[in-house]
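Worksheet: one structure, shown below.
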Amino acid sequence: MRKRIAVIDREKCHPQECGNYLCAKLCPVNRSGVDCIYPADDVGKKARIDELLCTGCQICPGRCPFGAIKIINLPMQLDKPPIYRYGENMFELYSLPAPQFGQVTGILGKNGIGKSTALKILANVIKPNLGKWQNPPEFKEVLTFFRGTEIQKFLDKLQRNEVSLSYKPQQVDLIPKQFSGTVRELLQKVAVLGTSSEAAGKVTEIADTLSLTAFLDNPLQAISGGELQKVAIAAAALKNATLYLFDEPTSYLDIKQRLQVSHFINSLVSDSTAVLLIEHDLIILDYLTDSLNIMYGHEGVYGVVSGIKSSREGINVFLDGYLREENVRFRDYAIKFEAVQDRVRGKPQLLLSWKNLHTTLGHFTLATEEGQLHKNEIIGILGENGIGKTTFIKMLAGLILPDQGTVDREIKVAYKPQYLETSSEQLVAEFLTDAIQRYSHQLITPLGIEALLARKVSQLSGGELQRVAIAKCLSQQAELFLLDEPSAYLDVEQRLIVSKVIKNVAQERDVTVLVVDHDLMFIDHVSDRLIVFTGQPAQSGLLQGPFTMEQGMNLFLKELNITLRRDQSSHRPRINKLGSVKDREQREEGKWYYS
Ligand code: ADP
Ligand code: ADP
Ligand code: MG
Ligand code: MG
């Protein structure tokens, strides 16, 4: 019986460049004359590891110069075969979440743990192979494997076409590559598949609900990420399914849109339908779901789904890092929120100020009131998409000049753009030379970048590139750091780590950091003060602040028409149910922010 999993990342394994299978040369089993590590038969002849022969000595993962090998001991609880394995020395998934009819169920877990894989299995995109990738089992064998579980009932129904599925994949940016035409044409096509007669009417209706009307006749290739996300959600909803699967439905959306989409997804649930979704924005996950499953394991190696929990309990358990029923500690520290936000500190020292800035870009105008930044503080920036946040950041970075008004003094600025440049063939180690030399402790280690150093920037995933770009920005010698949407592509844990890293940088180097983001919990966690944008997206934006957290949140939340409270045990922010006692009380007291 196998005791461990060996995973080899084919992209990272370069057997010719490490000195001809360094891993095999160092392997004690190989040295004793048995082929534990050997070249595969396929293209590139990448290394393979025999999991039955491997002794778990951990020499090869430590010595592979590309960090291509992971050897992880299997926890004793996992004494069954996996339900799915991608291939030899590849990722394994050990369980599935069960959809709950009449409910919205969430899946919460870090990146690379198999969330999308699990959803693809439920969406019938990939079929369970019980770990036998060479020779996938018949469906009957799979049913027997799940005998007596909710999953068996589900798969059975799926087989008999009693469940109709609709699936919104994680990567919406692939849609324009698969379908050319306008937004309307795509939605019409999907609607016709549902019920032909009223297709046009249905498209108009959903376009109204999700605010798609303004760009309904634009080609898919020409719309923004946020617009594409809403189109993908609309397409999934038009299918008229009994089970809706949404993989990360809020990426690229601003908070107003996240709430809009939450209400919409919620409206898909009835006694005979279920929604299952993956989400990293904890405030939205909490607000939108009734129950959730936590996924844990080892990223890139294996994933397990926890038992179902209420959303509130599930999120608190996730933050704690410990699953009582399973007796599994999946993180060696708990994530904590402070009950009181405003940091107490000495008299603020002025960094810079601006007055009545004004700029016009095409049809868009941005105006500001008077504002000041202090040394050693973190300012969160909130506002809708298309309201001028990036324009303001670029103005501070000196990339856009105001046509009226001035920023009072020139200072040294470091800037992480919203859209990251991916084409560089440089190695991460070269790209981040300064960060490695000066801020290994402050940036490289906490952001988990060590494992990426031997990779090319062009080969990084979205989340990897984001962390590298954050490290690059924060390693510069500057007085003001500008981070435009740093939480994009990151999971909950990474977002909170980034928040901690930013706080450390501000404190230890006595510098100022501006953070634009749409994850309200992240902004709450990281910020000392807030800048709020109001106005009409794509037409005009007005920048107000910086405000204290309370003032800023009041202004922003009032516009969104939601109130926030803190969870009693974890102190994390939660959205109050509209019209609930708390909601009404807070509105009456004028405290939209956690009282
Ligand atoms: P999550 O959605 O939790 O971030 P995924 O389910 O996308 O995770 O992926 C889990 C793991 O499976 C990752 O380490 C990924 O590299 C691996 N993986 C995903 N798709 C494939 C594939 N087609 N072939 C091999 N490995 C894959
Ligand atoms: P945000 O970052 O808040 O989403 P931006 O500052 O990127 O918003 O953009 C604000 C508005 O200005 C958008 O409607 C955008 O299309 C428009 N805009 C931005 N840059 C230009 C430009 N160079 N020319 C014309 N319009 C622009
Ligand atoms: Mg995923
Ligand atoms: Mg922007």
Side-chain angles (χ1 to χ4, degrees), residues 5 7-12 46 68 70 72 82-97 107-123 125-126 129 133 167-172 224-226 245-249 251-254 277-280 293-305 361 364 366 381-395 397 399-400 415-420 451 459-464 482-494 514-518 533 537-538 541 543:
I5 311 181
V7 170
I8 296 183
D9 190 325
R10 315 299 204 258
E11 306 238 309
K12 295 188 196 166
K46 312 274 168 140
K70 282 181 181 158
I72 301 297
I83 60 168
Y84 187 74
R85 188 166 206 185
Y86 279 105
E88 191 177 16
N89 292 144
M90 287 191 184
F91 181 85
E92 297 183 330
L93 180 69
Y94 274 87
S95 37
L96 285 174
I107 301 175
L108 174 57
K110 61 179 165 184
N111 282 338
I113 206 86
K115 300 182 301 299
S116 295
T117 305
L119 218 60
K120 280 180 195 161
I121 291 179
L122 294 178
V125 175
I126 52 184
N129 63 13
W133 70 90
Y167 166 57
K168 195 228 45 103
Q170 179 173 351
Q171 279 188 290
V172 292
S224 71
L245 305 161
F246 292 98
D247 198 340
E248 303 198 14
S251 315
Y252 310 110
L253 300 183
D254 64 35
L277 59 88
I278 297 169
E279 179 56 51
H280 292 300
N293 298 282
I294 290 169
M295 282 194 71
Y296 60 95
H298 198 290
E299 55 200 295
V301 180
Y302 75 95
V304 185
V305 184
L361 294 168
F364 178 79
L366 170 66
I381 301 184
L382 292 171
E384 290 181 59
N385 279 337
I387 201 92
K389 301 181 301 298
T390 296
T391 305
F392 174 65
I393 290 287
K394 284 186 177 168
M395 233 154 36
L399 300 170
I400 293 179
Y415 168 48
K416 185 206 78 72
Q418 176 175 359
Y419 301 102
L420 302 174
Q459 288 171 344
L460 299 176
S461 73
E464 291 166 346
L482 308 166
L483 297 172
D484 202 346
E485 304 205 12
S487 85
Y489 305 107
L490 300 185
D491 63 33
V492 177
E493 275 178 51
Q494 292 166 337
L514 261 57
V515 186
V516 175
D517 213 89
H518 296 305
F533 279 77
L543 179 156

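Nothing here was measured: the structure is a model prediction, and the numbers come from that model. Whatever order the structure lists them in is the order used to number ligands and atoms, beginning at 1. This chain uses plain numbering: 1 for the first residue, then up along the sequence.
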Between [X] (side chain) and [Y] (backbone), is there a donor-acceptor pair under 3.5 Å?
X: Lys46; Y: Arg10; result: yes
X: Lys110; Y: Gly297; result: no
X: Arg85; Y: Met90; result: yes
X: Asn385; Y: Tyr252; result: yes
X: Asp491; Y: Asn111; result: yes
X: Asp517; Y: Ser487; result: yes

### Task
Identify, with sequence neighbours excluded, every residue that meets salt bridge (charged side-chain N to carboxylate O under 4.0 Å, His left out) alongside Glu464.
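Per chain and number, Glu464 pairs via salt bridge (charged side-chain N to carboxylate O under 4.0 Å, His left out) with Arg455.
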
#### Entry: Positive for side chain to side chain contact (heavy atoms under 4.5 Å, CB included) with Lys115, one of Leu108, Leu277, Ile278
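The single option meeting the side chain to side chain contact (heavy atoms under 4.5 Å, CB included) with Lys115 is Ile278.
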
### Query
Got Val304 and Ser95 here, is their nearest side-chain heavy-atom distance under 4.5 Å?
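Val304 vs Ser95: side chains touch.
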
### the Mg ion (ligand 3) neighbourhood, protein N/O/S only, threshold under 2.8 Å
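Near the Mg ion (ligand 3), the protein supplies Ser116 OG, Gln170 OE1.
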
#### Entry: Interatomic spacing from CD1 in Ile121 to CD1 in Ile83 - rounded to 0.5 Å
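Between atom CD1 of Ile121 and atom CD1 of Ile83 there are 4.5 Å.
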
### Query
About how many Å separate NZ of Lys120 and CG of Leu93, when rounded to the nearest 0.5 Å?
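Between atom CG of Leu93 and atom NZ of Lys120 there are 11.5 Å.
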
### Query
Tyr489 and Ser461: side-chain donor and acceptor closer than 3.5 Å?
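Short answer, no.
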
### Message
With 2.8 Å as the threshold, which protein atoms of type N, O or S lie near the Mg ion (ligand 4)? Leave waters out.
### Response
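Less than 2.8 Å away from the Mg ion (ligand 4) sit Thr390 OG1, Gln418 OE1.
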
### Message
Would Ile387 and Asp254 count as a side-chain contact (heavy atoms from CB on, under 4.5 Å) here? Give the steps.
### Response
CA-CA 11 Å; Ile387 201 92; Asp254 64 35; over 6 Å; no

If you look at each N/O of ligand 1, which protein N/O atoms lie under 3.5 Å away, and at what distance?
unit_1	atom_1	unit_2	atom_2	d
ligand 1	2 (O)	Ser116	N	2.9
ligand 1	2 (O)	Ser116	OG	2.9
ligand 1	3 (O)	Ile113	N	3.2
ligand 1	3 (O)	Gly114	N	3.1
ligand 1	3 (O)	Lys115	N	2.9
ligand 1	3 (O)	Lys115	NZ	2.8
ligand 1	4 (O)	Gly112	N	2.7
ligand 1	6 (O)	Ser116	N	3.4
ligand 1	6 (O)	Thr117	N	2.8
ligand 1	6 (O)	Thr117	OG1	2.5
ligand 1	8 (O)	Gly114	N	3.3
ligand 1	20 (N)	Tyr86	OH	3.3

